[in-house]
Amino acid sequence: MKNFLSVDDVSSIPSLVDRALGYKADPFKQDTLGRHKTLGMLFLNPSMRTRISTQVAARNLGMEVVVFNIDKEGWKLEFADGAVMSEGTSEHVREAAAVMGQYFDILAIRTFPALKDREEDYSEQYISQFVKHAGIPVLSLESATLHPLQSLADIVTISECWKEKRKPKVVMSWAPHVRALPQAVPNSFAQWINAWDKADFVIAQPEGYELDEKFTRGAVVMHDQAKALEGADFVYVKNWSSYADYGQITCTDASWMITPERLRNTNRARIMHCLPVRRNVVIADAVLDSADSIVVQEAGNRVWAAQAVLGEILTAF
Amino acid sequence: MKNFLSVDDVSSIPSLVDRALGYKADPFKQDTLGRHKTLGMLFLNPSMRTRISTQVAARNLGMEVVVFNIDKEGWKLEFADGAVMSEGTSEHVREAAAVMGQYFDILAIRTFPALKDREEDYSEQYISQFVKHAGIPVLSLESATLHPLQSLADIVTISECWKEKRKPKVVMSWAPHVRALPQAVPNSFAQWINAWDKADFVIAQPEGYELDEKFTRGAVVMHDQAKALEGADFVYVKNWSSYADYGQITCTDASWMITPERLRNTNRARIMHCLPVRRNVVIADAVLDSADSIVVQEAGNRVWAAQAVLGEILTAF
Amino acid sequence: MKNFLSVDDVSSIPSLVDRALGYKADPFKQDTLGRHKTLGMLFLNPSMRTRISTQVAARNLGMEVVVFNIDKEGWKLEFADGAVMSEGTSEHVREAAAVMGQYFDILAIRTFPALKDREEDYSEQYISQFVKHAGIPVLSLESATLHPLQSLADIVTISECWKEKRKPKVVMSWAPHVRALPQAVPNSFAQWINAWDKADFVIAQPEGYELDEKFTRGAVVMHDQAKALEGADFVYVKNWSSYADYGQITCTDASWMITPERLRNTNRARIMHCLPVRRNVVIADAVLDSADSIVVQEAGNRVWAAQAVLGEILTAF
């Protein structure tokens with residue numbers, strides 16, 4: 001593995017999942033693999049789980065870690081080629097990325113979409129330019145449109161919890177939120193679950209919330225949440241803003257909140273969410289506090305997902 | 001030791017002090033005790049001494065350390081059970097704490113009182129909820145009403161400096177300040193010095209500045225600072241806001257500032273302060289710059305206090 | 001070496017350069033030299049290259065590193081002796097520095113000039129007070145008037161690139177910028193290149209941009225940029241604000257921007273800049289993207305410069 005930007009960088013999902021579970025069973029089994037290698041973690045936006053789990057994963061492999069909140073500890077970067085930098089940006093990504101490439105062995109980056117211009121967000125210009133100019137492997141800590149470390153942890157979690165022979169029914173359900181959120185998590189989950197091909201995948205969402213077909217590729221889409229949830233083995237809950245009416249909140253229907261009633265006709269589904277989750281807006285307390293919620297286990301698996309990816313990149317050095 | 005939230009978590013103050021002094025004499029004597037264990041340090045407020053000394057202490061024991069300024073690098077947490085999170089908070093402590101419990105072996109937290117609602121501050125809901133939901137040992141880096149790592153360092157410092165057979169007279173004196181400050185440091189010092197029971201303890205303060213009796217338990221309280229200081233061996237200087245008229249500054253009498261004149265009738269007392277200290281408001285330059293000031297030694301002992309506590313928690317694993 | 005504040009702390013530039021190049025060839029050759037020693041890095045201002053390269057350098061030597069953004073994670077320091085601290089500052093440098101001296105083995109500090117009062121900035125009171133009160137070696141990560149780690153990396157870079165017998169012609173050229181910038185980088189470069197004495201040094205600048213003679217000491221100063229650049233082997237580009245009309249921008253002449261045309265009569269000069277650089281304001285894209293630009297190599301050498309300095313300080317312990 002060279003970079004880790006999406007599922008397209010993965011040669012085998014099952015073996016990556018196995019690697020993650022192997023680290024979970026024995027976190028320090030390769031604690032010198034990353035010796036004398038430094039992971040630079042660059043944040044253009046806030047992050048908690050991704051930030052912490054990736055640090056822990058890198059240290060488990062013996063890597064050095066340098067965290068840099070460029071938005072707070074540094075300055076604003078320019079991403080436009082040919083820009084005359086007489087305004088707010090102090091450094092071009094061409095220099096910033098190339099210099100990081102001098103200091104680190106692997107560069108991990110967190111970026112966010114502005115949710116204003118769809119073409120711009122979906123061009124992934126921020127992370128792409130880092131890949132282009134850094135000259136070292138780049139690891140996405142969530143980009144404008146994808147969150148592959150989250151999706152890998154999700155697949156790891158489903159793998160851990162599902163012991164039956166038949167394919168599980170996995171329903172990704174939109175749920176309400178008070179702010180306009182990126183499509184990165186649902187795009188990425190759809191992309192991974194399709195590539196994994198070991199689940200029956202259904203998307204439940206209000207009309208107007210169709211995701212980019214590039215990621216959902218033929219997934220069953222239903223607008224009746226209750227019906228979609230029937231017989232579900234896993235419910236993957238997530239809000240996202242509209243892709244069609246880009247970045248807008250076009251539905252505020254509170255009945256899409258996940259409650260025990262809504263889950264009544266599932267196959268006692270396990271409840272997943274990438275967190276943070278707004279309680280009693282996205283998911284009701286009674287669901288999150290029940291034994292069916294696996295959101296904490298899912299978040300815990302972020303360590304092993306990150307460690308698997310770093311392990312693969314280090315092995316390829 | 002499971003958690004470290006107050007002196008109540010300590011089985012023996014003298015042996016904890018010995019442990020701290022042992023590390024001071026030989027900082028790396030147990031530099032593999034914390035191998036493959038991670039300390040998460042979570043800040044909801046600024047901190048300098050506590051932040052740095054605890055990091056150094058953890059590394060002396062071979063622990064990994066991850067620092068997370070949740071107020072700046074993350075988002076606002078919700079602490080109210082049952083809250084409908086449609087406003088400013090993005091994540092509930094139930095998830096945040098449980099997830100930290102997945103990533104770390106010990107969780108250290110710094111919180112601060114709002115100084116608006118006494119019941120709320122004294123319920124210690126913030127740190128208590130972390131204890132309840134993290135599922136791993138929790139270490140206070142100062143909570144709303146207590147600062148046990150500071151108090152342990154204070155006791156270590158007095159122990160180092162006092163070689164006579166008789167009990168020292170320790171006077172904790174209120175001093176002026178321009179801002180309303182928490183009662184955490186004086187509450188905690190009173191609680192520890194009482195539990196330690198190796199000093200004659202007097203509190204000097206203006207009327208209306210009585211601390212919570214739960215912590216001061218029968219300490220001698222005097223409103224005449226000069227008289228209280230007579231024969232003092234140690235003067236522990238600290239401002240705090242009113243507990244009775246909660247969070248208010250009810251006295252601005254500059255004559256309470258600690259000056260050489262005020263100390264004339266002490267037993268050439270050693271001067272202590274937890275720092276930061278506003279010079280020439282709380283304590284005069286001439287006192288801080290004299291040989292009797294032990295504030296830097298006291299701050300230095302924060303490392304050994306933190307190392308002793310981490311050492312005890314690690315030993316109990 | 002005790003402190004590292006300017007070239008005056010260096011006994012031999014050539015051997016320091018050799019040390020840096022030795023580490024570049026074999027980064028981990030002394031990876032236990034700093035074992036059980038902690039570098040504290042204190043930032044009063046933003047920093048990217050200096051911050052990251054120094055962290056990497058310290059870890060290459062086996063040191064522990066604690067980073068503290070006192071401006072963001074702490075509070076405002078007081079530097080005036082005798083101050084009555086009833087206003088915005090919460091802690092005096094006398095305590096802050098002395099306490100850092102308890103926690104760290106080497107203290108690295110980044111400060112910035114206010115560019116309002118020349119006497120104040122050039123007194124270097126901030127870093128000087130840290131030196132005075134910390135009681136441990138202090139390493140400048142850029143101070144109000146000098147940036148010695150940058151200059152050492154610059155000399156290392158010139159040494160690497162220049163293989164001819166004759167002295168290279170090094171032209172330091174002022175270039176336009178939209179904000180008033182410190183004189184630290186050009187002051188320091190002039191001071192080092194003079195002390196090194198292995199180059200013919202010329203400064204090209206608009207009238208009114210004379211630097212402090214204390215640092216430029218008899219360097220050739222020219223106001224005709226094109227003429228100054230004739231035959232240059234290295235062009236060191238940098239904006240600075242006026243020293244005479246202190247902190248002001250007295251020239252906005254865009255023709256001082258470094259372009260391929262401007263460089264036509266150089267000896268195919270290598271282009272240097274400390275970064276960050278505003279493209280198409282200070283230097284044109286066509287220059288930065290050409291093979292003659294060595295700005296990334298120069299930034300990469302910051303690691304080896306910092307490692308050489310830390311190595312010297314550690315060896316002197």
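Note that the coordinates shown come from a computational prediction; the quantities given were computed from them, not determined experimentally. The basis for the numbers below is simple: all heavy atoms, side chains too, and nothing from hydrogens, waters or symmetry mates. Numbered from 1 within each chain, the chains take letters A, B, ... in sequence-line order.
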* Greatest number of heavy atom pairs closer than 4.5 Å to chain B - which of A:Val277, A:Val303, A:Asn301 -> A:Val277

* To do: Go through A:Lys72, A:Arg179, A:Arg59, A:Gln55 and name the one with the most non-hydrogen pairs under 4.5 angstrom from chain B.
  => A:Arg59

Who among [options] has the most heavy-atom pairs with chain A under 4.5 Å?
options	result
B:His36, B:Glu87, B:Glu78	B:His36
B:Gly40, B:Ser86, B:Gly74	B:Ser86
B:Glu95, B:Met85, B:His92, B:Glu64	B:Met85

* Using atom types as modelled and distance alone, determine if a side-chain donor or acceptor of A:Arg279 lies under 3.5 Å from a backbone N or O of B:Glu91. => no

* In terms of heavy-atom proximity below 4.5 Å to chain B, should A:Asp289 be classed as side chain, backbone, both, or neither? -> side chain

* Asked: For A:Arg51, is it the side chain, the backbone, both or neither that has a heavy atom under 4.5 Å from a heavy atom of chain B?
  -> side chain

* Using the side-chain contact (heavy atoms from CB on, under 4.5 Å) rule, take A:Phe43 and B:Glu73 through it: C-alpha gap first, then chi angles, then the decisive distance, then the call. => CA-CA 9 Å; A:Phe43 290 91; B:Glu73 298 171 319; over 6 Å; no

* **Flag if over 12 foreign heavy atoms under 6.0 Å of NZ, B:Lys2** => yes

[X] and [Y]: which non-hydrogen atoms are nearest, and at how many Å?
X	Y	result
A:Leu275	B:Val99	CD1-CG2, 3.8 Å
B:Tyr103	A:Gly300	CE2-CA, 4.0 Å
A:Pro276	B:Ser90	CB-O, 3.4 Å

* Which atoms of B:Ala98 come close to chain A, meaning under 4.5 Å heavy atom to heavy atom: side chain ones, backbone ones, both, or neither? -> both

* Between B:Arg94 and A:Asp285, does at least one N-O distance fall below 4.0 Å, as a salt bridge requires? -> no

* Does the side chain of B:Gln102 reach to within under 4.5 Å of the side chain of A:Ile52, using non-hydrogen atoms? -> no

